[in-house]
Each structure stands twice: as C-alpha cells, then as structure tokens.
Participant: 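Got a structure here, written out as structure tokens. Questions coming.
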Protein chains: 2
Amino acid sequence: MDTTLPISFDDVARAHQRIAGVAHRTPVLRSRTADALTGAQLFFKCENQQRVGAFKIRGAYNAIAQFTPEQRAGGVVTFSSGNHAQAIALAASLLGVKATVVMPHDAAATKRAATEGYGAQVLGYDRYREDPEAIVRALAEERGMTVIPPFDHPHVMAGQGTLAIELIEEVGALDVLITPVGGGGLLSGCATAARHLAPRCAIYGVEPEAGNDAQQSLARGEIVRIDTPHTVADAAQSRSVGRHTLPVLRALVDGIVTVSDAQLVETMKFFAARMKLLVEPTGCLAAAAVFAHKLELRGKRVGIVLSGGNVDLARFAALVA
Amino acid sequence: MDTTLPISFDDVARAHQRIAGVAHRTPVLRSRTADALTGAQLFFKCENQQRVGAFKIRGAYNAIAQFTPEQRAGGVVTFSSGNHAQAIALAASLLGVKATVVMPHDAAATKRAATEGYGAQVLGYDRYREDPEAIVRALAEERGMTVIPPFDHPHVMAGQGTLAIELIEEVGALDVLITPVGGGGLLSGCATAARHLAPRCAIYGVEPEAGNDAQQSLARGEIVRIDTPHTVADAAQSRSVGRHTLPVLRALVDGIVTVSDAQLVETMKFFAARMKLLVEPTGCLAAAAVFAHKLELRGKRVGIVLSGGNVDLARFAALVA
C-alpha cells in the first residue's frame, strides 16, 4: 500500500542520512510534572532547539540537496510565514544556492531578519488578500527558479519525518505520536516514519480551533479550503492541506484534534515555567491537546513534537506575563 | 594534597551514585551562533532544566541521604534565597524527612510557592537586615534539626560537583570549565571533579560585579565578607564564600571574573532568542563572562554551567522585552 503514497519509510531514512551533520539531533525532554498531570509518559522532542528554531530545516535541506545542477544554478523560491523561510534560506546558503522567499508583511520581525541574515531575498505580500502560491509560480517561471513549498512536496515531507526516526530511536516504540498540523508536511512525514518503526503507534495531529481544515479534510476525504485563520499559532495558518500530504494523512493518521488559543498560551507558560523552554504558539499545539485532555493517554508512552520556538521576545513576554 | 581538602573526587563520584535516578542527567546543548561569536567550542550544561529548576537538588539530596536515623527524625533546616530551599524541600520530601526553610521576604514568589508545595515549612526574614545563619542555628538547637547550608558543607559541595562528571563523560575532556560562584559550593564541587577527570582543564568562577567577594577572598587568601550585593543575580547574593569552599577554590580554581547586570540581561536574551532556553540571571553568569570576552577562549573546548532557570515569568518578561 505504501507504494501508492508519495513517500515511503525509505525516503525518510535516506533523508535522515542526507541531513546528518546539518540538522541538530534535538534533545528529548521529560517532565515529571507533565507526566503527573496526564498520567502518561511524555517524551518531548525539542525542535524549538533545532537550527533556525524549528523542524523546517530538515525538509528544506532534504529538498534542495536533491536539486539537479540546473536547479542549483536557477535558485530556489518559496512562500512562508517564517520558519520554512529561514529553513530554505539556511539550507540554500549551506548548499550554495540562491534563495528568494515570499513572506507576509506581518511576519515576525525576527523571522524576516533571520531569513535575510542567511542571505535570502525577501519579498512581502498581504497574508489576508494575496495568494503567495501564485506569486511564487510567476517568479519561478520568469526567473527559472525551483519552487520548494512549505509542506506539499515529497522531499519536504520526507525530511520532516526524520525527527520521528530520532525520537523512536532514542526512547523506543511509542504508543502515541502527536504533532502539530498546518499543511500536513510534518505530520505526514512523522506518520510515515512512526508507522514503520512502531507499527502499533497511534498518530494524531493537532491544529488551531480557528482553522480546522485538516480535520475537515480528513472527515470528507478531500481537500477543504478555508480562509486564513486568525490564531496565535501563526505557523499553522495554512489554508488547506496538500495534494501530497492528504493521502498520507488519510492512510496513516488516526485523527486530528483542535485546541484553543487560550490553551496554547497556557501551554507556553507551562513550558517556560516548568521546563525552561521557549516554545512558539504553533509549537505548543501537540502538548496543548495533551494537557487539555483531548485524547485518552493514561498509562501510554506518548511522543510530543515541540515544532518550533521562533517567537519575538516582546511577543512572548506579552503572552506569558 | 587532595587529602587536606574537605572533599575529594571519590566523594563526588559517590554522590553521583547516590543521586542517580533522583536528579536529572541534564542536557548539554551547543549553539553554532555562540561558537561563532566566541571562536570557541561551547558546551552548555543545562541545569536550568534540572529538577527544581537548578543544580541545587544534587547537593541537597546528597546531604540528606547521608543523615543518621536520629537526624532523619529531627528534620532538616536551612536558609536560602530560593533554589537551595526548593532543593532541600524536595530532597527531604523524597527521603521522608521534615524540612524547614528560612527564606528572604522578597524571594521570588515562584520559589516560595514551590518550596511550600514540596511540603516544607517556610519562615521569612529580611535579606538586608537579619542574619539567616543565626536564625537557623537557633532553630536547630531548639528543635533538634540538622542544618544543611546552601553551600558550605562537604556533602553539598560534593553533590554539586556531580554535574561536572556528567558533562565531561558526555563531551570528553574540556580545556576550560566555567561556573557561577556565590558561596562556592558549585564551583568547588565542579573543580574537584574536573581536576580529576580532565587534569589540564582550567577552572573559572564568575560572580556579579556588585559583589565580588569570591574574587577578593581568593586574592587575599582569606574569607572577605561584604554587604548583601544589589544585583539582578539573586541566587548569587551570598555575602562570603565558606570555610569549606575557600580551600578548594584556592587549590583548584584558576581565577574569578565578574560581569555586570547589563551583561547578564543580554545573555538571558541570547538564551531565550537563540537557544529557546529560560535561564535565570544567576544562571547566566558563566555564559555572560564568555560573551563579554572576559577570558581568552579562542579555539578551546569550554564547558559552561547554566546553573538555574527559576525566574518568575513576569520578571523574565520585564527583563527581556
């Protein structure tokens, strides 16, 4: 059955070799307090401490590393609210490829600065009015660039799944694996890895209540598009899952649950106060679902992906103080 | 020569066995940005992610675990600005021993609440007017309690040194090891471990500019007492090193340097923005000295102890925003 899906475990395993020495093997943290609150054994995979502050470097590097010489010469272009942008910029820089990033005007200042800091050209757009995919397509055609989208690409999906390989290698088979879901790149990659390494592992995605398009898409079996949701989880404001990610989610994911912005902020405070970690709101999605008891986890070994930590300090301070 | 000192490497090694399964083996993190800024290879030992949020659980548990049955029955008493208080409270609770903690009225609310949460009785005092040691001595005599002071006790010192064993086991021999210094418990324990495991390792302590009593004491070869210093580093407001710690510091430590409060706050921001870590001001001392180029470290392998992460979120927000 895997052969009908856009990625296989072998793709994720090869991606893991490709990113070795480039992406960090991020820590897996435990918290006795979190375990006591939930009655489960929780394993937090700290991709907030990944290079560029989010898991996105895994997929970005895996994609650009497979460029042909012509593609390398033409450069890479993408659109992103921030973390994928930094990842493409850094991966391109490491591989000697020119990068152009189309980014919302209201993206976090740290994210724009970091993207430019890695040498990428940043072009702004209006998150609520313009279609970044169309802008990127036009750029690609005019300038011979290759588009690496933030999630809907087999090489990106396979790259993101590498963190699940590391997590399961480090802590052993899990009963449950939970990740944030925006467009489904992270979730589809992790599901592909986990299904192979821990076949009995249940796999869940978590998205903001304000934009439950992935939940709707899985329920209907087809891509459901929504308006850009207004949520504190700015890296999960995708308007739909992708044509590559949806079949993987349908085949391998046990369910999608949602959490409120208030639950995300409470979870941010928990990570800061108890685990001394800065986690961005989107990075709190999976943990927030656990702390809000959205899933029955008592007695289970649960992997939780903290997907990123890129939040302006002023914004973080305003949210947690 | 070691036999004339109050603790030996064997004491630290036995402490390490004693605390196994009680204290976390905390992560060691790297940062390419920090390495690039300093030209060194920096290894950050994250005791901010230790149980109770600071290294203090190591020494507290090592001390109470060695109580006689009579001492266990009488209970433990201590004074502390916060982290040692929580550590004594938790260690006593785990070992079934009653704990009393004398704490400044203006200690961080989170620290007082956490100490009480572990079941200890908290008694307040005025940090700038009263002598906590005298209060504790009186309590010990009246009620048959055993005093475990925050630093000046061989069992406490040996316990704190266990983190240096873990660090060197994990990353190999270091050229330099740098820790915060208040009363010298952490530094003396780590120096004892590092000198044995990595004999050529240079060892430095860092204290706040506002209260350089350790620097003065090492220069004069005797304990120099100062008024309680006014500094953002609230866990390094000790008024002097101790009679047990000073001989170890004199024998094993290569030097003490100081940093300003402004340098501590800059370092807090670095950890939050780049490494996604909450580190309390005192926990930033060693790293701040490195970032402020107080030592010549180019090309060296440097261990840096992030000693704690217990800072109220509101205070953290006010400092970094």
Side-chain angles (χ1 to χ4, degrees), chain A residues 21-33 36 44 46-54 57 86 90 94 108-111 113-114 117-118 170 265-266 268-280 283-284 306-321, chain B residues 21-33 36 44-54 57 90 94 108-111 113-114 117-118 170 265-266 268-280 283-284 306-321:
Chain A
V22 175
H24 290 319
R25 193 178 176 101
T26 52
V28 178
L29 292 186
R30 309 282 319 263
S31 161
R32 288 171 195 257
T33 307
F44 297 97
C46 294
E47 290 292 299
N48 60 324
Q49 296 180 317
Q50 185 52 268
R51 282 184 89 174
V52 311
I57 186 65
Q86 291 183 57
L90 174 58
L94 292 170
T110 47
K111 293 181 178 181
Y118 292 124
E170 182 161 339
V265 171
E266 276 311 299
M268 283 181 75
K269 289 184 187 177
F270 178 89
F271 284 124
R274 303 305 301 236
M275 298 179 69
K276 314 306 175 187
L277 288 174
L278 260 83
V279 187
E280 65 181 274
C284 292
L306 310 187
S307 56
N310 289 327
V311 50
D312 283 347
L313 287 188
R315 179 158 171 69
F316 177 81
L319 287 169
V320 303
Chain B
V22 174
H24 290 318
R25 193 178 177 101
T26 51
V28 177
L29 292 185
R30 311 280 322 263
S31 161
R32 287 170 196 258
T33 307
F44 298 97
K45 178 68 168 165
C46 293
E47 290 292 299
N48 60 325
Q49 296 181 318
Q50 184 51 267
R51 283 184 88 175
V52 311
I57 186 65
L90 174 59
L94 292 171
T110 46
K111 294 182 178 180
Y118 292 124
E170 182 162 341
V265 171
E266 276 311 299
M268 284 182 75
K269 289 184 188 177
F270 179 89
F271 283 124
R274 303 305 300 236
M275 296 179 70
K276 314 305 176 186
L277 288 173
L278 260 84
V279 187
E280 64 182 274
C284 293
L306 310 188
S307 56
N310 289 326
V311 51
D312 283 347
L313 287 187
R315 180 158 171 68
F316 177 81
L319 286 168
V320 303

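Chain identifiers are assigned alphabetically (A, B, ...) following the order of the sequence lines, protein sequences preceding nucleic acid strands; residue numbering begins at 1 within each chain.
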Participant: With rounding to the nearest 0.5 angstrom, report the CE to CG distance, B:Met275 to A:Leu277.
Facilitator: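 B:Met275 CE to A:Leu277 CG: 11.5 Å, rounded to 0.5 Å.
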Participant: Using non-hydrogen atoms only, which part of A:Phe271 is less than 4.5 Å away from chain B: side chain, backbone, both, or neither?
Facilitator: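 For A:Phe271, neither part sits under 4.5 Å from chain B.
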Participant: Of the backbone (N, CA, C, O) and the side chain (C-beta and beyond), which part of A:Leu29 lies under 4.5 Å from a heavy atom of chain B, both, or neither?
Facilitator: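 Only the side chain of A:Leu29 comes within 4.5 Å of chain B.
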Participant: Would you say the side-chain atoms of B:Lys276 pair up with the backbone N or O of A:Asn48, donor to acceptor, closer than 3.5 Å?
Facilitator: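 Answer holds: no.
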Participant: Which heavy atom in B:Arg32 sits nearest to a heavy atom in A:His24, and how many Å separate them?
Facilitator: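 For B:Arg32 versus A:His24, the nearest heavy atoms are NE-CE1, 3.8 Å.
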Participant: Determine the minimum heavy-atom distance between A:Ala317 and B:Ala317, stating which atoms define it.
Facilitator: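 Taking A:Ala317 first and B:Ala317 second, the nearest heavy atoms are CB-CB, 3.4 Å.
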Participant: Between B:Asp312 and chain A, which part of the residue has a heavy atom less than 4.5 Å away: side chain, backbone, both or neither?
Facilitator: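 Interface part for B:Asp312: neither.
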Participant: Should we count CZ of A:Arg30 as having more than 12 external heavy atoms under 6.0 Å?
Facilitator: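 Enclosed: over 12 neighbouring heavy atoms sit under 6.0 Å from CZ of A:Arg30.
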Participant: At their closest point, which heavy atom of B:Ala272 faces which heavy atom of A:Leu278, and how far apart are they?
Facilitator: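 That would be O-CD2, 3.7 Å.
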Participant: Would you say A:Arg25 has more than 12 foreign heavy atoms packed within less than 6.0 Å of its CZ?
Facilitator: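 Yes - once you tally the heavy atoms of other residues, nucleotides and ligands closer than 6.0 Å, there are more than 12.
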Participant: Can you say whether A:Arg51 sits under 4.5 Å from chain B via the side chain, the backbone, both, or neither, judging by heavy atoms?
Facilitator: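 Looking at A:Arg51, just its side chain touches chain B.
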Participant: NZ of B:Lys269 to CG of A:Leu313: how many Å apart, nearest 0.5 Å?
Facilitator: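 One gets 8.0 Å once the value is rounded to the nearest 0.5 Å.
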